[in-house]
Amino acid sequence: MTNWKTIGGSAAFITLMGSTASIAEITSQEVWNDWYQYMSGFGYEVTATPDVTADSVVVNNLMLAMPLPDDGGMVKVDFGKISFMDQGDGTVAVVLPDQKPIAVSVDNNFSVTLNYDTTGMSMVVSGAADDMTYTYSAPKVAISIADLMIDGDKIDTAKLDIILSDVAGQSTSKMMGLRNIVQAMSAASLTYDFALAEPGGGKFAMTVKGSMSDLKMDSDSSIPADVDFAKMSEALDNGFAAKGGLTWGAGGYEFTSNDRGNSVTGSSSSDSGSLKFALDREMLNYGGTATGTKSSFTSSDFPFPIDITIAEAAFNHCWTGRKG
């Protein structure tokens, strides 16, 4: 079963982390209170030891935890220490640890720990208690696998490196009965490198490596208090809605796969692409485009290579007319 609540809460929290209104004053205590209330409202168990002074809140031992449905496991995010510092001009600086481990365990058969790296990130919150704007930038944001366990065995042959470079963005969070979050983010590039091989010299292995340039993302969402995405229909009836898009420039990838002697290799590139989505009580819509796509594949099952060129491609799906 898809755990919409965990996915929604995690994505929205990362939005606020990497997401600061305008001419007003806000205090470090108000920013910390909003973080705490927001994540608690998503169903996370928040444990922390805040140290409050006249111009700062230093939150030690900050841990977020949420059980997966049907006793399926647990998601934990260990932030260590986060500092909220009044800057004397009505704004608050948020100082995050460079690395934050994210641990996911499922049914005692699968666990993974990811390192979420935001070294060098600058984040400033401005506005008022019910209307906050997060402005942020970072030379890079990276995610990598620190540890992977499957059926009790440590998997040393897994690799995942995702790096966003020259990241900048802004996110506003307004309380208007519903919480409205509007965000825009850009990154000069995205690179990814994934590899997995069957332990003990097994017969399965695959690699995927690629990059995308000039990424731009925007979204607009309305979130009810104490939302439960495990009950999506109820969340939509209570006003949950979201829409957004992602665009990118030139990009491409290469991959290899070998399974019991059957091998496939290939590569693909494109000039640009986009994705969009919208969801509310009345409809679900998603679509995308790609231009200048060139792909090439070879397989041990075919005696000749396969080359594909597509000048422009697009898709769009929309479901409307929800009743009740």
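With 3.5 Å as the limit, one finds no donor-acceptor pair spanning the side chains of S111 and S105. Between the side chains of K100 and T118, at least one donor N or O sits under 3.5 Å from an acceptor N or O. There is a side-chain donor-acceptor pair under 3.5 Å between D307 and S296. A donor atom on one side chain and an acceptor atom on the other are not found under 3.5 Å apart for D51 and T49.
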Just do the side-chain contact (heavy atoms from CB on, under 4.5 Å) check on L114 and V112 with the steps written out, would you?
CA-CA 6 Å; L114 303 174; V112 62; 3.9 Å; yes
Evaluation steps, side chain to side chain donor-acceptor pair (under 3.5 Å), between S137 and S122
CA-CA 5 Å; S137 62; S122 168; 4.7 Å; no
Check against side chain to side chain donor-acceptor pair (under 3.5 Å), S268 and S295:
CA-CA 4 Å; S268 183; S295 302; 2.8 Å; yes
Test W35 against V57 for side-chain contact (heavy atoms from CB on, under 4.5 Å), laying out the working first.
CA-CA 12 Å; W35 278 44; V57 178; over 6 Å; no
Run K216 and D214 through salt bridge (charged side-chain N to carboxylate O under 4.0 Å, His left out) and show every step you take.
CA-CA 7 Å; K216 293 181 173 62; D214 193 24; 2.7 Å; yes
For side-chain contact (heavy atoms from CB on, under 4.5 Å), just list the numbers for N61 and T47, CA-CA rounded to whole Å, side-chain angles, deciding distance to a tenth of an Å, and then say yes or no.
CA-CA 7 Å; N61 307 312; T47 58; over 6 Å; no
Checking L275 against Y286 for the side-chain contact (heavy atoms from CB on, under 4.5 Å) test, could you report, in this order, the C-alpha distance in whole Å, the side-chain angles of both residues, the deciding distance, and whether it holds?
CA-CA 7 Å; L275 292 170; Y286 65 92; over 6 Å; no
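Salt bridge annotation for R179-D34: present, with a cationic side-chain nitrogen under 4.0 angstrom from a carboxylate oxygen.
Considering all non-hydrogen atoms of both residues, N180 and S221 come closest at ND2-O, 3.0 Å. The two residues P97 and K81 come nearest to each other via the heavy atoms CD-O, 3.2 Å. Minimum heavy-atom separation, S28 to M85: CB-N, 4.4 Å. Taking both residues in full, the closest heavy atoms of A241 and D280 are given as CB-CB, 3.8 Å, listed atom of the first, atom of the second, then distance. The two residues T119 and D98 come nearest to each other via the heavy atoms OG1-CB, 3.4 Å. Among all heavy-atom pairs drawn from L215 and S189, the shortest one is CD1-C, 4.1 Å.
The distance from atom CG of D220 to atom CD of Q183, rounded to the nearest 0.5 Å, is 10.0 Å. Taking CE of M185 as the start and CE of M217 as the end, the distance is 4.5 Å to the nearest 0.5 Å. Remark: E45 CD to M74 CE distance equals 7.5 Å, nearest 0.5 Å. Annotation: the span from I155 atom CD1 to M149 atom CE amounts to 8.0 Å, rounded to 0.5 Å. Separating the CG atom in L236 from the CE atom in M232 is a distance of 6.0 Å, to the nearest 0.5 Å.
The aromatic rings of F240 and F229 lie perpendicular to each other, with more than 60° between the two planes, well past the 30° mark.
Counting heavy-atom neighbours within 6.0 Å of F315 CZ, excluding the residue itself, gives a total above 12. For Q87, the CD atom is densely surrounded, since the number of other residues' heavy atoms within 6.0 Å is greater than 12. Counting non-hydrogen atoms of neighbouring residues, nucleotides and ligands closer than 6.0 angstrom, the NZ atom of K154 exceeds 12 such neighbours.
Side chain of T157 to backbone of A197: a donor-acceptor contact under 3.5 angstrom is found.
Aromatic ring centroids of Y253 and Y192 lie 6.0 Å or more apart.
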